[in-house]
Amino acid sequence: MKIFSASQIQDADKSTIQKQQISSEELMERAATKLFEWIHARLRGTRVTLKLFCGIGNNGGDGLVLARLLHEHGYTIQVYVVNFSEKRSKDFLLNLERLKSAKLWPDFLNNESELPPISPDDIVIDAIFGIGLNRAPNTWVGNLIMHINNSRAFVLSVDIPSGLPTDKCPWNPDYAIRASYVLTFQVPKLVFFLPETGVFVNQWELLDIGLDPEYLQTTETEFELIGRPEVLPLYRPRLKFSHKGNYGHAIIVGGSYGKIGAVQLASDACLSSGSGLVTAFVPLCGYQAIQTALPEVMVLTDGGEKIISKISFPFEPTVVGIGMGIGVDKITANAFGALLKSMEKPMVIDADGLNILAKHPKMLKDIPELSVLTPHPKELERLVGNWSDDFEKLSKVKAFSTHYNVVVVIKGAHTITVYKDKGFVNTTGNPGMATAGSGDVLTGMITGLMAQGYTSLHAAIFGVYLHGLAGDIGVSEMGYEALKASTIISNIGNAFMELLRQPEAEPQEEN
Ligand SMILES: NC(=O)C1=CN([C@@H]2O[C@H](COP(=O)(O)OP(=O)(O)OC[C@H]3O[C@@H](n4cnc5c(N)ncnc54)[C@H](OP(=O)(O)O)[C@@H]3O)[C@@H](O)[C@H]2O)[C@@H](O)CC1
Ligand SMILES: Nc1ncnc2c1ncn2[C@@H]1O[C@H](COP(=O)(O)OP(=O)(O)O)[C@@H](O)[C@H]1O
Ligand SMILES: [K+]
């Protein structure tokens, strides 16, 4: 699903009004009716007070229409107009008149008003600012926002939490609503998924308001949200008369004394993702452990006892995944650098492989094109330098990816795979996966997919999704705390099956 910018959504709005020959006021009525239906389906007339805070633009206008509909259906409501500007929108004014005709008189709040009482039992509807927010809210509006945040009431935001801009970080994080739930119109917003801005959105849901489908389909976006519909077409089915040679021979290079487990996890994950053959390449101290733990995996050693000192293979691997637990010793770094020079096929580089690159930036130019780099935030910072906020991070990664022609997987709660100017935002995974070795598993999985012929970009997008799904299945069985990296591996098969599961047939209506 595409993630549109605020200005693209405004264009979609215009295009809808033009093509569907409706007025902006009708579009507002449509949007607010969707909001009302969502709320009404859940509250079903429950006696609870809804406090609607409405700005003076179209987000506020949505709030006023919603207030009218709730009132018509007998809900107890209190409407506040947050009068932050004289420039009231046309459709806001129209709906203010309609509200007054229905004998509903909002309270008008300004910089001299007292903060209205909000009880933890109230439901707050936040319609102060929408995607039109273009500067920091001023102090009194900020104080009102903090008052709502401190109220412990359930806060339902219309379109986007007020104070959170659509395409940047908030100017003042205290002046942004921390929404319990966001009902967002038509398309998800990028800020819902970034570590600094996602914290304002506990849960979100899309409301389809029928924006022009042609505009939505034909407009290119910088970011895409990756769910099952996006991943399923990437799947490469196995053929009946195939043999293991058709699915590649992956080599996982890594490990050092005390960190052989990382290679074990990555090799196991690589095999469990479908690589035809997997060889682990480790220092001597890892030989016995891997041979014992993973009978299906072959093992090569380089003669170094505790660290890797020279990397060479007696055959040409389909793909190399490298870096987990390998250390940053100078000898290992030299071996790594020599391997980069000799490799032409795309590789997967993780962990200390990335740290070596950060310490020896001259090596960057030797990374084979279309390689996949899988940094966690700290490794990324070492690689591209620090950033002022999440948006600067994304533009730095895009520039890095374009310069070196590599795929960069920014790991996190919503892992973002970046290739050149485009970012793919993952939707699977959970905090149970914040556990030792889960990144090694991901590296193994992406390597295993590339071994089978997935392109680098597809392997990264598919692997990240499947890794998160395996983690989600694991958590559903044992909860967050007990989930270990090896649980993710044992659920890779279940994740494939869940992905490929036929949707259940809709029940037939009886005549
Ligand atoms: N296509 C869709 O999805 C549909 C969208 N709809 C709804 O419209 C919403 C967008 O409405 P909107 O454009 O009127 O902007 P909104 O957010 O209400 O702000 C109002 C104005 O405030 C101003 N302003 C900005 N920052 C400020 C600040 N810090 N302090 C003070 N003032 C500030 C700024 O005007 P300025 O003063 O800069 O001229 C801005 O224009 C959208 O979120 C959705 O709810 C639906 O109705 C129908 C379909
Ligand atoms: N809160 C979270 N929600 C979803 N996924 C997470 C979360 N925390 C971590 N992960 C995932 O777990 C993995 C952790 O990788 P990494 O930090 O490299 O771990 P390690 O170095 O221990 O292998 C990444 O794929 C990341 O996306
Ligand atoms: K809002």
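- In plain terms, the two heavy atoms of Ile489 and Leu265 that are nearest each other are CD1-O, 3.4 Å.
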Query raised in the report: Given the rule in the side-chain contact (heavy atoms from CB on, under 4.5 Å) test, do Leu294 and Gln264 qualify, once you have shown the distances and angles that lead to the verdict?
Result: CA-CA 8 Å; Leu294 301 173; Gln264 201 169 303; 3.7 Å; yes
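- Side-chain contact between Pro188 and Leu206 is present, with heavy atoms from C-beta onward closer than 4.5 Å.
- A side-chain donor-acceptor contact under 3.5 Å links Gln452 to the backbone of Ser273.
- With rounding to the nearest 0.5 Å, the separation of CZ in Phe129 from OG in Ser157 is 12.5 Å.
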Show the atom names and distances, to 0.1 Å, of all donor-acceptor pairs under 3.5 Å that link a side chain in residues 354-367 to residues at least two apart or in another chain.
from   : atom 1 : to     : atom 2 : distance (Å)
Asn355 : OD1    : Arg382 : NH1    : 2.8
Asn355 : ND2    : Asp352 : OD1    : 3.0
Lys365 : NZ     : Lys362 : O      : 3.4

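- In this structure, the separation between CD on Glu222 and CD on Gln8 is 8.0 Å, given to the nearest 0.5 Å.
- Annotation for Pro161 and Ile177: closest pair CB-O, 3.3 Å, computed over non-hydrogen atoms.
- Residue-environment remark: CE (Met298) exceeds the threshold of 12 foreign heavy atoms within 6.0 Å.
- When Ile461, Val406, Asn405, Val408 are each tested for a side-chain contact (heavy atoms from CB on, under 4.5 Å) with Tyr419, only one passes: Asn405.
- Looking only at atom types and distance, the side chain of Tyr215 has no donor-acceptor partner in the side chain of Thr16 under 3.5 Å away.
- Taken to the nearest 0.5 Å, the CG atom of Leu300 stands 10.5 Å off from the CD1 atom of Ile290.
- Proximity of Val319 to Pro346: side-chain heavy atoms (C-beta onward) are nowhere separated by under 4.5 Å.
- Thr427 OG1 to Arg228 CZ: the interatomic distance, rounded to the nearest 0.5 Å, is 11.5 Å.
- Contact check for His467 versus Asn426: no side-chain heavy atoms found under the 4.5 Å cut-off.
- Among the candidates Asp62, Asp208, Ile9, the single residue satisfying the side-chain contact (heavy atoms from CB on, under 4.5 Å) test with Phe185 is Asp62.
- One distance of note links NZ of Lys19 with CD of Glu214; it measures 3.5 Å at 0.5 Å rounding.
- The structure places CG of Leu483 at 6.5 Å from OG1 of Thr435, a figure rounded to the nearest 0.5 Å.
- For the pair Leu216 and Phe4, the minimum side-chain heavy-atom distance is below 4.5 Å.
- Ser162 and Asp126 share a side-chain donor-acceptor pair at under 3.5 Å.
- Considering every non-hydrogen atom in both His414 and Phe193, the closest pair reads CB-O, 3.5 Å.
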Report task. Take Lys411 and Asp350, measure what salt bridge (charged side-chain N to carboxylate O under 4.0 Å, His left out) needs, and give me the verdict at the end. Result -> CA-CA 11 Å; Lys411 291 187 291 195; Asp350 184 32; 3.4 Å; yes
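- Side-chain contact between Thr447 and Ser275: absent, with no pair of heavy atoms (C-beta onward) separated by less than 4.5 Å.
- The local environment of NZ in Lys259 is sparse, with at most 12 non-hydrogen atoms from other residues, nucleotides or ligands closer than 6.0 Å.
- Judged as a ring pair (Phe, Tyr, Trp, His ring centres under 6.0 Å), the pairs with a partner in residues 373-406 (not counting sequence neighbours) are, in order, Phe400-Tyr404.
- A search for ring-ring contact (aromatic ring centres under 6.0 Å, His included) contacts involving Phe315 returns His249, not counting sequence neighbours.
- Looking only at side-chain heavy atoms (C-beta outward), Lys345 and Pro368 stay at 4.5 Å or farther from each other.
- Within 6.0 Å of CD in Glu305 there are more than 12 heavy atoms belonging to other residues, nucleotides or ligands.
- Considering every non-hydrogen atom in both Ile209 and Ala31, the closest pair reads CG2-CA, 3.7 Å.
- Lys189 and Thr184 share a donor-acceptor pair across their side chains, judged by distance under 3.5 Å alone.
- Side chains of Ile260 and Pro283 form a contact here, defined as non-hydrogen atoms less than 4.5 Å apart.
- Side-chain contact check for Arg501 versus Glu498: some heavy-atom pair is nearer than 4.5 Å.
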